[in-house]
Amino acid sequence: SLLQLKLWNKYRVSNIPSLIFIDASTGKVVCRNGLLVIRDDPEGLEFPWGPKPFSEVVAGPLLRNNGQTVDSSALEGSHVGVYFSAHWCPPCRSLTRVLVESYRKIKEAGQKFEILFVSADRSEDSFKQYFSEMPWVAVPYADEARRSRLNRLYGIQGIPTLIVLDSKGDVITRQGRVEVLNDIECREFPWHPKPVLELTDSNAVQLNEGPCLVLFVDSEDDGESEAAKQLIQPIAEKIIAKYKAKEEEA
């Protein structure tokens, strides 16, 4: 029915079963990943399962690949890429290679940037092997509860996923993977979402994220795509501003 379709669209449900908790008084999403919540917290001790700040969820020691540990407070004041990945997944391995270079470029440009690896590897050995290629920090593999809480916090449904946070721990973009692959020189870092995008193979995944307006133009004529962009830019900005005022995702 139309109502069912509206609910599927409103909550961006792309696979089932999906369990989404909302606050009935405001209609805002409290938690997208209800299935993980009830698996991890069957007694309901953490009810009402609302989003916690990143700094609280990540709190504890983090590893470097030389075996040293640092406290998670070391991330404060930096942009952070929360990187959900695993060695068994080929797209993860190819993204990691690009990301290592991007990380180096951003640090060399004097930006405060850290990456936190949250492993979905199937064994500690596999984690260690994969992490040995990474110049950043990781949640210890043995700390399954903290890895799971981070997955829940961002409603991770597939890997590789790179969530980019600002220095306060708020999400700038969930599409870090697309941004890194589209911006090899990292000129656009920290990748604030653009109101209008040119559709490419790598960012087409965003068509699944919610309602989209797609404008087709004659690509032979360069002037035409620029004119089209200028036509829809103010409309897109207006929509984004409206949702921002309501503190909702656009």
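Keep in mind that the numbers below use all heavy atoms, side chains included, and drop hydrogens, waters and symmetry copies. Residues take their numbers from the sequence shown, with the count starting at 1.
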Backbone N or O of [Y] within a donor-acceptor pair of the [X] side chain at under 3.5 Å?
| X | Y | result |
| --- | --- | --- |
| Ser167 | Ser78 | no |
| Arg177 | Leu95 | no |
| Lys107 | Phe113 | yes |
| Thr173 | Gln175 | yes |
| Arg146 | Val139 | no |
| Asp121 | His87 | yes |
| Asp183 | Arg187 | yes |
| Trp136 | Arg64 | no |

Please examine the side chains of [Y] and [X], heavy atoms only from C-beta on, and report whether any two atoms are closer than 4.5 Å.
| X | Y | value |
| --- | --- | --- |
| Val137 | Leu63 | no |
| Leu162 | Leu99 | yes |
| Ser85 | Thr96 | yes |
| Pro160 | Cys89 | yes |

From [X] atom [atom1] to [Y] atom [atom2], the distance as rounded to the nearest 0.5 Å:
| X | Y | atom1 | atom2 | result |
| --- | --- | --- | --- | --- |
| Ile106 | Glu101 | CD1 | CD | 11.5 Å |
| Ser1 | Leu7 | OG | CG | 8.0 Å |
| Asn9 | Leu2 | CG | CG | 9.5 Å |
| Leu165 | Glu114 | CG | CD | 12.0 Å |
| Leu36 | Ile156 | CG | CD1 | 10.0 Å |
| His192 | Glu179 | NE2 | CD | 10.5 Å |

Lys/Arg N to Asp/Glu carboxylate O, [X] vs [Y], below 4.0 Å:
| X | Y | value |
| --- | --- | --- |
| Glu46 | Arg152 | yes |
| Lys244 | Glu237 | no |
| Glu188 | Lys194 | yes |
| Glu108 | Arg104 | yes |

Think Lys128 forms a cation-pi with Phe131, using NZ or CZ under 6.0 Å from the six-ring centre and within 45 degrees of its axis?
no

Does [X] belong to the same Ile/Leu/Val/Met/Phe/Trp/Tyr cluster as [Y], with side-chain heavy atoms less than 4.5 Å apart forming each link?
| X | Y | result |
| --- | --- | --- |
| Leu197 | Ile239 | no |
| Leu35 | Phe47 | yes |
| Val70 | Phe54 | yes |
| Val57 | Val118 | yes |
| Ile22 | Trp8 | yes |

- request: Might you work through the side-chain contact (heavy atoms from CB on, under 4.5 Å) test for Leu150 and Leu116, ending with a clear yes or no?
  value: CA-CA 11 Å; Leu150 284 159; Leu116 173 68; 4.2 Å; yes

For atom [atom1] of [X], decide whether the heavy atoms of other residues, nucleotides or ligands shown that lie under 6.0 angstrom number more than 12.
| X | atom1 | value |
| --- | --- | --- |
| Lys242 | NZ | no |
| Leu5 | CG | yes |
| Asp201 | CG | no |
| Glu144 | CD | no |
| Lys52 | NZ | yes |

Exercise: do [X] and [Y] side chains pair donor with acceptor under 3.5 Å:
| X | Y | answer |
| --- | --- | --- |
| Ser126 | Tyr141 | no |
| Ser25 | Asp23 | yes |
| Asp41 | Trp49 | yes |

What pair of heavy atoms forms the shortest contact from [X] to [Y], and how long is it?
| X | Y | value |
| --- | --- | --- |
| Val180 | Ser102 | CG1-OG, 3.6 Å |
| Pro135 | Tyr103 | CG-CD2, 3.6 Å |
| Arg174 | Thr161 | O-CG2, 4.3 Å |
| Cys92 | Tyr130 | O-OH, 3.2 Å |
| Ser132 | Asn65 | O-ND2, 3.3 Å |
| Ser148 | Arg39 | OG-NH2, 3.5 Å |

Name the orientation class of the two ring planes belonging to Tyr83 and Phe117 (parallel below 30°, tilted from 30 to 60°, perpendicular beyond 60°).
tilted

Requested in this report: Assess whether side-chain contact (heavy atoms from CB on, under 4.5 Å) is satisfied between Val171 and Val164, documenting all intermediate values.
Outcome: CA-CA 6 Å; Val171 174; Val164 182; over 6 Å; no

| task | Could you walk me through whether Ile172 and His79 pass side-chain contact (heavy atoms from CB on, under 4.5 Å), step by step? | result | CA-CA 9 Å; Ile172 291 176; His79 283 81; 3.6 Å; yes

Exactly one candidate in Asp71, Leu75, Thr69 meets side-chain contact (heavy atoms from CB on, under 4.5 Å) with Leu62; the answer is Leu75

Practice problem: Test side-chain contact (heavy atoms from CB on, under 4.5 Å) on Glu133 and Arg97 and set out the steps. | Solution: CA-CA 9 Å; Glu133 304 164 20; Arg97 285 193 289 274; 5.7 Å; no

